[in-house]
Amino acid sequence: MISTILERARQGQEITPEEGYLLLTEPYPQAWLQQAADDLRRTLVGEPVSYVVNRNLNFTNICEQHCSFCAFRRDGGQPGSYWLTSEQMVAKVQDALGQGATEICLQGGLHPGAQRQGSTLNYYLDLVSTIKTTAPKIHLHAFSPQEVQFISRQDGISIADVLKALQESGVDSLPGTAAEVLDDRVRRVICPEKIDTATWLSIITQAHEMGIPTTSTMLCGHVETSHQQIQHLHHLRELQRRTVGLTEFILLPFVGAQAPAPLRRRVGRDQPDLSATLRLTAVARLFLGRWVKHHQPSWVKLELAGAVQALQWGCDDIGGTLMEEHITTMAGAKGGTGKTVQELQNAIAALGRPHWQRTTLYQPCQGVPELLACF
Ligand SMILES: C[S@@+](CC[C@H](N)C(=O)[O-])C[C@H]1O[C@@H](n2cnc3c(N)ncnc32)[C@H](O)[C@@H]1O
Ligand SMILES: Nc1c(NC[C@H](O)[C@H](O)[C@H](O)CO)[nH]c(=O)[nH]c1=O
Ligand SMILES: N[C@@H](Cc1ccc(O)cc1)C(=O)O
Ligand code: SF4
């Protein structure tokens with residue numbers, strides 16, 4: 001019975017993957033689902049909604065892979081390809097500091113030419129030290145598991161050694177991107193060159209065991225089934241049961257408008273389906289239950305109004321200011337490339353809920369002058 005499952009989940013009891021599947025697929029009033037997810041959110045984290053003042057830094061879009069959803073990647077030398085110099089990165093980090101950023105979110109394409117002294121790891125360590133020299137106190141949220149594996153593969157060194165070197169040079173946490181859908185049949189269609197499910201889980205597990213926290217994500221709304229969505233959430237819940245290193249879950253609905261034609265045509269939709277995204281947002285909150293306290297929608301992909309709705313379907317964080325979002329904007333997302341603190345605060349206040357500025361790891365930040373005291 002749907003109402004029994006919802007009631008148990010609302011109280012924070014674990015539901016099975018089969019029950020999660022029923023919540024996603026059975027016909028019943030979606031208001032029940034919304035209410036249960038909203039209630040569980042209130043029980044676990046209360047009314048306040050957080051945001052983080054951060055800047056995205058996508059150091060290059062030159063990438064050796066060809067994920068079928070990705071409008072960001074370019075070949076080297078192709079029109080629109082770019083590779084930032086360290087001077088350009090320093091300027092962006094300084095500008096971010098001036099705007100009160102506490103986090104740099106650093107990710108890029110997998111560029112085989114990105115090497116120092118013949119080593120890919122050395123290039124990435126240089127990136128980290130460029131940022132940390134410019135902003136020693138900033139939280140560096142850098143490199144997806146796919147990027148970690150790329151370094152390991154290029155240089156023939158272990159994942160553990162890559163993670164250790166990144167940690168020692170100043171990486172504070174990893175973005176849990178490249179998860180897409182943790183199902184190898186889906187991965188063979190949308191990202192055949194990427195690491196498989198087991199490798200993604202293993203890299204995140206190793207990071208957590210070394211004391212590097214990560215976020216978690218799901219790229220939804222393309223070719224995956226409801227069953228595969230639940231399996232993805234199940235993988236995350238089991239991982240978290242073992243390591244407790246996930247800080248949050250971020251649902252990333254696929255934006256197709258400018259994505260490569262084959263997947264775009266197959267999906268047949270340019271922008272995310274908001275009601276399907278909200279349903280999955282609520283099921284993710286209920287399924288991950290007490291294991292993952294923080295849930296974030298993507299205002300880039302849903303637009304701010306859609307992200308505000310997601311705050312009523314289980315989310316408790318509105319995300320980051322981002323300052324410059326490229327990846328999904330290049331795919332035709334309509335949410336914009338950055339938000340001011342005022343815009344985020346106003347959006348939260350419109351719901352009648354209090355807002356608070358967090359660090360990447362969900363610690364409170366003080367007012368602007370004391371900002372850097374929160375590290
Ligand atoms: C572009 S990658 C950057 C890091 C690295 N290249 C990687 O793939 O892990 C970051 C994430 O952006 C998301 N993304 C890319 N294209 C998207 C699209 N069209 N719609 C929604 N999310 C997208 C994917 O989830 C992907 O893992
Ligand atoms: N949702 C998107 C994000 N989110 C990143 C967060 O702002 C932040 O880095 C995380 O909460 C850790 O503190 N970043 C993007 O570039 N695009 C998005 O759509
Ligand atoms: N969600 C990632 C960041 C991110 C998300 C989506 C993107 O398209 C790009 C980056 C995080 O862990 O913070
Ligand atoms: S998602 Fe990442 S790995 Fe895949 S093509 Fe885009 S930049 Fe490259």
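Bear in mind that the values here come from a model prediction, so they are computed numbers and not experimental data. Both counts, for ligands and for their atoms, begin at 1 and track the order of listing.
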Any N or O of Gly320 closer than 3.5 Å to N or O of ligand 2: yes
Per-residue contact class, Asn56 against ligand 3 - non-hydrogen pairs under 4.0 Å: neither
Ligand 2 contacted by His326 (non-hydrogen, < 4.0 Å): no
Any Pro253 heavy atom less than 4.0 Å from ligand 1: yes
Min heavy-atom dist Lys301 to ligand 3 below 4.0 Å: yes
Nearest candidate to atom 8 (O) of ligand 1, where distance is taken over non-hydrogen atoms, out of Lys194, Gln146, Met218: Lys194
Interfacing atoms of ligand 1 (cut-off 4.0 Å, heavy-atom, Ser144): 5 (C), 7 (C), 9 (O)
Any N/O pair Ser298/ligand 2 closer than 3.5 Å: yes
Distance filter under 4.0 Å to Lys301 heavy atoms, resulting ligand 2 atoms: 17 (N), 18 (C), 19 (O)
Shortest protein heavy-atom distance from atom 7 (O) of ligand 2, along with the residue and atom involved: Asn54 ND2, 2.9 Å
Shortest heavy-atom approach to atom 5 (C) of ligand 1 - which of Ala178, Ala71, Gly108: Gly108
Pick from Leu252, Leu219, Ile327: the one approaching atom 22 (N) of ligand 1 most closely through a non-hydrogen atom: Leu219
Closest approach of any protein heavy atom to atom 9 (C) of ligand 3, naming residue and atom: Gln107 NE2, 3.3 Å
Atom pair NZ/CD of Lys293 and Gln240 - distance to nearest 0.5 Å: 11.5 Å
Heavy atom of the protein closest to atom 12 (O) of ligand 3 (residue, atom name, distance): Thr215 OG1, 2.2 Å
Atom 17 (N) of ligand 2 - nearest protein heavy atom and its distance: Glu325 OE2, 3.5 Å
